[in-house]
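Treat the numbers as computed from the prediction; the structure is a model and nothing was measured.
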There are 2 protein chains.
Amino acid sequence: MPELDETDIKLLKLLGNDSTLTMKELAARVNLSPSPVFERVKRLEGNGYIKKYIALIDSEKLNQGLIIFCNIRLKQHDKSIGHDFVSDVLQLKEVTECYNISGDYDFLLKVYARNMKHYQDFVFNKLGSVKSIGSTHSTFVMCENKNSYNINL
Amino acid sequence: MPELDETDIKLLKLLGNDSTLTMKELAARVNLSPSPVFERVKRLEGNGYIKKYIALIDSEKLNQGLIIFCNIRLKQHDKSIGHDFVSDVLQLKEVTECYNISGDYDFLLKVYARNMKHYQDFVFNKLGSVKSIGSTHSTFVMCENKNSYNINL
DNA sequence: CTTGAAAAATGGAGGGT
DNA sequence: ACCCTCCATTTTTCAAG
């Protein structure tokens, strides 16, 4: 596992905020020419430091403006129930994130819904038919103050 | 606000998963030639459906493998205290997301730390010096089962 | 790392249905 | 409105030094 120097970190930071920067633009910001920057970026991709490049879609513009953190407690805690839950819940298009967590609940889901009615339908009809779920607790997002999508380097 | 057709949605979906796709590759997937695809993508960018393009960085490879959801209750609930809290907490590099939420707590933070010791330091020394905070409750992520970063179209 | 050049993609012009 | 083909420009990509 090769070490990263200052320049690599800076490149990750730049691309983590804006991946449309060209090699030329990146080069200018790290005081190099495009070629070594190209090689560094390819190395960062190849070694998995950069996982992928994506476009961020505006969820509000697509009528998915309601964000809910949904805490879930399983009925039982054996491995197979947990596995069933994860595979069931990842099928649901409203669920964009799923974490196995410590504490009172077993899982935390981030859910996007059009509105309250849609979320109600999600809880009763979709989560309601996932057998492994014991109970749920929903926390509604009133305002997203920040989401940087990446660690802050 | 112009409506989106099937093709636009498909383009958003494709770019939301992989923004390295070229106009040519996108064109092939939606059965068009590169030019109209180019125009559509520029329109989606211009109208804000696509907010930005970013590289996703592997947090584990950068020694930020511990994810914590930190619930925070403010001391008081006036607007200025809330504003102070947000501006203070967004300065902290460990905090990548911040939500104003309903329920027992006022805010939910997503925090990345190197390890438990680092998180302990974050809670005691960094959050500890934010005056507006009343109490906190940390939920530790044991496994990230899914994070799609975008709504599922 | 630099230079430099081939291959590929972008971004428009102009025209067709 | 929407699409196409063609082409100049820019960028990417990869030699060789």
Side-chain angles (χ1 to χ4, degrees), chain A residues 1-65 114 148-153, chain B residues 1-59 61-63 148-153:
Chain A
M1 205 75 64
E3 275 312 303
L4 303 184
D5 64 14
E6 281 284 315
T7 304
D8 292 320
I9 299 291
K10 196 158 185 184
L11 290 172
L12 289 177
K13 197 170 183 168
L14 289 164
L15 290 171
N17 281 322
D18 181 6
S19 63
T20 66
L21 292 167
T22 64
M23 296 299 164
K24 199 173 168 182
E25 290 166 325
L26 288 171
R29 282 172 177 72
V30 298
N31 294 313
L32 287 173
S33 62
S35 291
V37 171
F38 172 77
E39 282 164 11
R40 280 167 183 271
V41 172
K42 290 302 147 192
R43 208 185 64 234
L44 292 169
E45 292 169 1
N47 292 336
Y49 290 95
I50 295 173
K51 291 194 286 189
K52 62 194 298 204
Y53 296 90
I54 63 168
L56 293 179
I57 310 304
D58 190 320
S59 58
E60 290 191 28
K61 292 226 184 223
L62 281 126
N63 287 319
Q64 302 281 119
R114 284 190 297 283
S148 65
Y149 300 97
N150 271 313
I151 54 174
N152 299 129
L153 290 164
Chain B
M1 204 74 64
E3 275 311 304
L4 303 184
D5 63 14
E6 281 284 315
T7 303
D8 292 320
I9 298 291
K10 197 159 186 184
L11 291 172
L12 289 176
K13 196 171 184 169
L14 289 163
L15 290 171
N17 280 322
D18 180 6
S19 62
T20 67
L21 292 167
T22 65
M23 297 301 165
K24 199 173 166 182
E25 290 166 326
L26 289 171
R29 283 172 175 71
V30 299
N31 294 313
L32 287 173
S33 66
S35 290
V37 171
F38 172 78
E39 282 163 12
R40 281 166 180 271
V41 171
K42 290 302 148 191
R43 207 185 64 232
L44 292 168
E45 292 168 2
N47 292 337
Y49 290 96
I50 295 173
K51 291 194 285 190
K52 62 195 296 207
Y53 296 90
I54 64 168
L56 293 178
I57 311 305
D58 190 320
S59 58
K61 292 228 184 222
L62 282 127
N63 286 320
S148 65
Y149 300 95
N150 271 314
I151 53 173
N152 299 129
L153 293 164

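Comparing C:dG11, C:dT2, C:dA9 by their closest approach to the side chain of A:Pro36 singles out C:dT2. With distances taken from any side-chain atom of A:Ser33 to the nucleotides C:dC1, D:dC4, C:dT2, the minimum falls on C:dT2. Distance from the side chain of A:Glu39 is smallest for C:dC1 among the nucleotides C:dG12, D:dT12, C:dC1.
Contact annotation: B:Arg40 does not reach the phosphate of D:dC2 (side-chain N/O to OP1 or OP2, under 4.0 Å).
Between B:Lys24 atom NZ and D:dC6 atom P there is a gap of 14 Å when expressed in whole angstrom units. Nucleotide D:dT10 holds its P atom 17 Å from the CE atom of B:Met23, rounded to whole Å. The CG atom of B:Leu32 sits 18 Å away from the P atom of C:dT17 (whole-angstrom rounding). At whole-Å resolution of the value, CZ in A:Phe38 and C1' in C:dA8 are 12 Å apart. Counting to the nearest Å, the C1' atom of C:dT10 and the CD atom of A:Glu25 are 13 Å from each other. Taking atom NZ of B:Lys42 as the reference point, atom C1' of C:dA9 lies 12 Å away to the nearest angstrom. Rounded to a whole Å, the CD atom of B:Glu3 is 15 Å from the P atom of D:dA1. Nucleotide D:dC2 holds its C1' atom 10 Å from the CZ atom of B:Arg43, rounded to whole Å.
In A:Glu25, the CD atom is crowded: over 12 heavy atoms of neighbouring residues, nucleotides or ligands sit closer than 6.0 Å.
Contact record, B:Val37 with B:Ala27: CG2-CA, 3.7 Å, taken as the closest heavy-atom pair.
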Show the numbers, then the answer: is there a side chain to side chain contact (heavy atoms under 4.5 Å, CB included) between B:Asp18 and A:Lys52?
CA-CA 7 Å; B:Asp18 180 6; A:Lys52 62 194 298 204; 5.6 Å; no

Check step by step if side chain to side chain contact (heavy atoms under 4.5 Å, CB included) holds for B:Leu15 and B:Tyr53.
CA-CA 9 Å; B:Leu15 290 171; B:Tyr53 296 90; 4.1 Å; yes

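Between A:Thr7 and A:Arg40, the closest side-chain pair of non-hydrogen atoms falls below 4.5 Å.
Scanning atom types as modelled, no donor and acceptor separated by under 3.5 angstrom connect the side chain of B:Ser35 and the base of C:dG11.
Both A:Thr22 and B:Thr7 sit near DNA chain D, but only B:Thr7 has its closest nucleotide nearer the 5' end.
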